[in-house]
Amino acid sequence: MTAQHPHFDPTMVTWFKASYSSGDQNCLESARVPHVVPVRDSKLSLHQGPVILFGPHAWTRFITSVQGQDLPSA
């Protein structure tokens, strides 16, 4: 299921890979969109996989947690 947002069309944005990507297909991609941060799996095409839309505050908290390794272990 692709996230629904009235102003977001995943086929109309430029996706870019995370700066820490290793060059293989195991990467996250994001796009610059006002008011949301869309994220997808780079292995899947636009029509195959989901797009997760984060609010800017939630995305900042996620990145801060990952960088500080504050996420709980599985």
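Just so you know, residue 1 is the first one in the sequence shown, and it goes up from there.
- In this structure the side chain of W15 never reaches within 4.5 angstrom of the side chain of S42, judged on heavy atoms.
- Two residues are said to be in side-chain contact when any heavy atoms from C-beta on lie closer than 4.5 Å; V13 and P38 fail this criterion.
- Both cation-pi conditions hold for R32 and F16: the charged atom is under 6.0 angstrom from the six-membered ring centre and inside a 45 degree cone around its axis.
- Taking 4.0 Å as the cut-off between side-chain N and carboxylate O, E29 and R40 count as a salt-bridged pair.
- Between the CZ atom of R61 and the CZ atom of F54 there is a distance of 11.0 Å, given to the nearest 0.5 Å.
- Side chains of V39 and V51 form no contact here, defined as non-hydrogen atoms less than 4.5 Å apart.
- Going from atom CD1 of I52 over to atom CH2 of W59 covers 9.0 Å, rounded to the nearest 0.5 Å.
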